[in-house]
There are 2 protein chains.
Amino acid sequence: VGDTRTAAALIIGNELLSGKVTDCNLVCLARTLRGVGVRLLRVVMVPDSRDVIAAEVRELSARHDLVFTSGGVGPTHDDLTVDAVADAFGVPVVCSPELERLLRDHFRDRLNAVHLRFARVPAGARLVGQAGLPWPTAVMANVWLLPGVPQIFSAQMACVAAELAGGPTFCSLALCTTLDEGVIKPWLDEVVAAHPDVEVGSYPRWHHPRYRTKVTFDGTDAAAIERARSALLARLPAEALVEADE
Amino acid sequence: VGDTRTAAALIIGNELLSGKVTDCNLVCLARTLRGVGVRLLRVVMVPDSRDVIAAEVRELSARHDLVFTSGGVGPTHDDLTVDAVADAFGVPVVCSPELERLLRDHFRDRLNAVHLRFARVPAGARLVGQAGLPWPTAVMANVWLLPGVPQIFSAQMACVAAELAGGPTFCSLALCTTLDEGVIKPWLDEVVAAHPDVEVGSYPRWHHPRYRTKVTFDGTDAAAIERARSALLARLPAEALVEADE
């Protein structure tokens, strides 16, 4: 897993930190990245503060191959992501001629100064779009500026997947057992020690009707994952196994 | 809002970053904290890595009044939170006699070495429990070590709320309008400028049947919030207002 690309997400919005709104963009991004073999290593959620966002973008951008921001790209006073990303890279905010043309085509006579704010991008940003999507995403260096509105965020995942496809991808296997973690831990420890290139996860399930523990095996080498799963299977009593449900 | 207590959350688990599991503990914690007037300022999600967790706990603990970790407190190889929190504070992990007694009472003859791992706490941690809850939460300095299993996490919120109750609490008002952000932005900017102690949020709704924008007013001063909302109401045409739905 040493050569997989890494990513971080920055989820922006007071409404998320106050619990008024439940974020649903993260899981959508996480699955998209996983599907193209990018390892999401860190997620940070911060308020609508230009300085906080800028500092976070600077750090996440330096430490990861890719960064995805969610939210704060609208036209109002609490939309600070474009300015903050520009701050992070020490560039001004400029009006993108390409975005301005899209706005003029869409709004025509109704176009006003507020609408034009949607054309603001950090200087040097490129636009990543795709046929069928109404609006491109601005990408500044390695930072994708995604909108917080879930319907638009999820629509943009097609662009993200298309742009990042082509690297090694992840494989995943699981097994479910009626035994609890307390019982399987010694066997689990042996398998973990013997398969250092496989990421083994153990998840207790409370009140599940059929099993008590789900064990997952993840990595980029399908054969190694299968070997690790087989090694644990060989240690578990057959009657303690149930079909995985996912 | 200067004297409200601040908090950060550290959500731990590879299964969340891979998108296999959707976190539901954050919103539960966010609402609990909001209910007792604690301002959640930052959320960080990290993998099951002892060093990463320890570094994060150290930083979050130093910069916030309260920190809440979610996950990594079980008995298996991927449960590293107790060790990492101990590392963060430079203390060893010890066996809590109180937790050991609870485990002996529960498991009796079946008690084994794996079960006893649930008694491990950072040296110096206190236990916060409550009648009706089966298990106390370890709190090391200002760091609460909460379990990742959602049913247990949410049950522990009663303890968190009881322990933190008594400070100034937040008030919140909203209004919904059929106008889009592009139209109301000038009025919104005036209201934001005139009411610096009120946190004003503007949220576009895509495809909502009755309105296009929801504006929220938040803070600790109920009268100030009401004044800010009234100021925006006075600027909006009456026919553009609809009843708030939440």
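In the text below, chain A, chain B and the rest are named by the order of the sequence lines, each starting its count at 1.
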Got a donor-acceptor contact below 3.5 angstrom from the [X] side chain to the [Y] backbone?
X	Y	result
R205(A)	R210(A)	no
H106(B)	L103(B)	no
E199(B)	T216(B)	no

With a 4.5 angstrom heavy-atom cut-off, could you sort out which part of [X] is near chain A: side chain, backbone, both or neither?
X	value
Y203(B)	side chain
L26(B)	side chain
E15(B)	both
V200(B)	both
T32(B)	neither
I184(B)	neither

Beyond-backbone contact of [X] with [Y], side-chain heavy atoms, under 4.5 angstrom:
X	Y	answer
D180(B)	V183(B)	yes
N14(A)	D78(A)	no
L99(B)	F118(B)	no
R229(B)	L233(B)	yes
L179(B)	P237(B)	yes

Would you compute the distance between atom [atom1] of [X] and atom [atom2] of [Y] and round it to the nearest 0.5 angstrom?
X	Y	atom1	atom2	value
L188(A)	T213(A)	CG	OG1	9.0 Å
D218(B)	D197(B)	CG	CG	12.0 Å
H115(A)	E100(A)	NE2	CD	13.5 Å
S18(A)	R39(B)	OG	CZ	9.0 Å

Quiz item: Of the backbone (N, CA, C, O) and the side chain (C-beta and beyond), which part of L16(A) lies under 4.5 Å from a heavy atom of chain B, both, or neither?
Solution: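 Interface part for L16(A): backbone (N, CA, C, O).
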
Quiz item: Got a sec: does the CZ of R34(A) have more than 12 other heavy atoms crowding it under 6.0 Å?
Solution: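 Yes - once you tally the heavy atoms of other residues, nucleotides and ligands closer than 6.0 Å, there are more than 12.
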
Quiz item: Is any residue of residues 57-72 of chain B within less than 4.5 Å of chain A by heavy atoms, and which ones?
Solution: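 None at all.
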
Quiz item: Does anything in residues 42-56 of chain B get under 4.5 Å of chain A by heavy atoms, and if so which residues?
Solution: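 Within residues 42-56 of chain B, the residues under 4.5 Å from chain A are R42(B), V43(B), V44(B), M45(B), V46(B), P47(B), E56(B).
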
Quiz item: Taking every heavy-atom pair that is under 4.5 Å apart, which of K185(B), Q151(B), R117(B) has the most such pairs with chain A?
Solution: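 Highest number of pairs under 4.5 Å: K185(B).
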
Quiz prompt | chain B interface, residue from P150(A), S172(A), G182(A) that has the most non-hydrogen pairs under 4.5 Å | solution =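 Greatest number of close heavy-atom pairs with chain B: G182(A).
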
